[in-house]
Amino acid sequence: MNSLPLPHNRIEVLLRPGALREGLIRDVASGFGASPKRLPPKYFYDDRGSGLFEDVTRLPEYYLTRAERALLEAHASEIAQAADARVLLELGSGSSAKTRLLLDAMAVDGLAAYVPVDVSEGALQGALADLAADYPALPTHGVVADFEDRLVDLPSPGRRLFAFLGSTIGNFAPPERADFLDRLADAMAPGETLLLGTDLVKDPARLVRAYDDAAGVTAEFNLNVIHVLNRELDGDLDPGDFRHRAVWDADREWMEMSLRALRPVSARLQAIGLDVEFAEGEEVRTEISAKFRKDRVTTELKEAGLELEAWWTDGDFALSLARRV
Ligand code: AVJ
């Protein structure tokens with residue numbers, strides 16, 4: 001493997017200045033122009049939204065994070081052994097909360113680097129500072145990037161285990177998911193592996209509770225996108241005009257979150273000169289969260305050139321390990 005001399009710890013920015021804002025403007029203009037209205041889920045995650053998501057992961061109804069953590073705890077050494085990698089590259093690393101389980105299991109064979117990739121430089125800095133305290137000898141190479149578009153440019157200081165956890169892949173609709181997996185597989189060298197976390201199809205009542213919790217934290221998280229739009233685009237939307245909705249789509253096997261207008265809404269996003277109108281009862285879809293079955297995961301990975309080698313599940317959530325062929 002061709003490895004460049006890396007400074008021990010660094011953060012590299014692969015994000016063009018202004019790219020995030022341009023993307024937001026494009027997504028808002030096209031999403032509010034569409035019928036039905038829609039917004040991509042990535043705009044939930046400003047500092048407040050990231051905090052609310054952390055709160056979601058601790059809710060009694062939101063089993064996903066605990067289930068994935070338990071699977072990682074139970075199987076980290078098998079994963080590390082099968083992956084046989086010298087680099088852990090984590091897509092959408094956020095707070096790197098589950099990373100230590102994998103690092104500890106991999107460290108036995110000597111790790112070349114931890115490469116977290118996240119769109120938030122603040123999150124990367126925080127996560128890497130925390131990690132440095134516990135793993136002073138571990139080289140880290142943080143990458144600030146939108147992993148939706150810069151996969152081939154990711155560093156490769158040794159054979160990599162790619163981790164894409166949390167069922168984040170569920171936010172893609174099937175065509176985007178296929179495109180993402182194709183580009184991810186293209187960025188991987190033969191023999192490199194992907195550890196993928198996917199939430200599974202289950203009793204719809206449990207799914208709805210997980211996305212519409214009794215304490216209303218998910219509702220706040222969903223409504224946070226209104227605050228983000230107001231701040232980023234100088235808007236005057238009133239979060240009090242909207243209600244959180246979470247619905248199971250049985251045909252497409254995904255949870256759908258939306259905001260429903262409680263009354264007619266007439267607002268303006270001043271920064272882009274966009275008038276936004278909602279009829280009473282009209283919704284904007286803010287997220288899909290696809291739920292999987294083993295067959296579908298196997299097939300979709302295979303279509304991208306990734307061979308499923310292992311599947312660990314508790315019945316609710318699954319981790320799969322697939323190798324680039
Ligand atoms: C972070 C995308 C995996 O879909 O379950 C949590 C986000 N949305 N509650 C998910 C989320 C509502 C979460 N992901």
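Here the structure is a predicted model, which is why all the values come from computation and not from measurement. Atoms within each ligand, like the ligands themselves, are counted from 1 in listed order. The figures here come from the full heavy-atom set of this structure, side chains too, leaving out hydrogens, waters and symmetry mates.
- Checked by distance only, ligand 1 and Glu287 come closer than 3.5 Å through their nitrogen or oxygen atoms.
- Counting only N and O atoms by type, the side chains of Glu253 and Trp248 include no donor and acceptor under 3.5 Å apart.
- Using a 4.0 Å heavy-atom cutoff, Phe221 is listed among the residues neighbouring ligand 1.
- Separating the CG atom in Leu259 from the CG atom in Leu237 is a distance of 10.0 Å, to the nearest 0.5 Å.
- Looking at Met255 against ligand 1, nothing comes within 4.0 Å, counting heavy atoms.
- In terms of N/O distances under 3.5 Å, ligand 1 is not approached by Thr168.
- In summary, the side chains of Asp46 and Asn224 do present a donor paired with an acceptor at a separation below 3.5 Å, with no hydrogens or angles considered.
- Protein heavy atom closest to atom 4 (O) of ligand 1, with residue, atom name and distance, is Ser289 OG, 2.7 Å.
- Taking 4.0 Å as the cut-off between side-chain N and carboxylate O, Arg177 and Glu300 count as a salt-bridged pair.
- Cation-pi contact between Arg206 and Tyr63: present, with separation from the ring centre below 6.0 Å and deviation from the ring axis of at most 45°.
- Of all atoms in ligand 1, numbered sequentially from 1 with element shown, those under 4.0 Å from a heavy atom of Phe53 are 1 (C), 6 (C), 7 (C), 13 (C).
- Side-chain polar atoms of Tyr62 and Asp213 form no donor-acceptor pair below 3.5 angstrom.
- Any N or O atom pair closer than 3.5 Å counts here, and Tyr45 shares no such pair with ligand 1.
- Put simply, no part of Gly170 is less than 4.0 Å from ligand 1, judged by heavy atoms.
- Nearest non-hydrogen protein atom to atom 3 (C) of ligand 1 is Gly166 O, 2.9 Å.
- With ligand atoms numbered from 1 in the order given, ligand 1 contributes 3 (C) to contacts under 4.0 Å with heavy atoms of Ser167.
- Using modelled atom types, no side-chain atom of Arg245 and backbone atom of Glu283 make a donor-acceptor pair closer than 3.5 Å.
- For atom 2 (C) of ligand 1, the closest non-hydrogen atom of the protein is Asn171 OD1, 3.3 Å.
- A salt bridge (Lys or Arg N to Asp or Glu O under 4.0 Å) with Glu307 is found for exactly one of Lys302, Arg324, Arg323, namely Lys302.
- Note: an N/O pair closer than 3.5 Å links Tyr62 and ligand 1 by distance alone.
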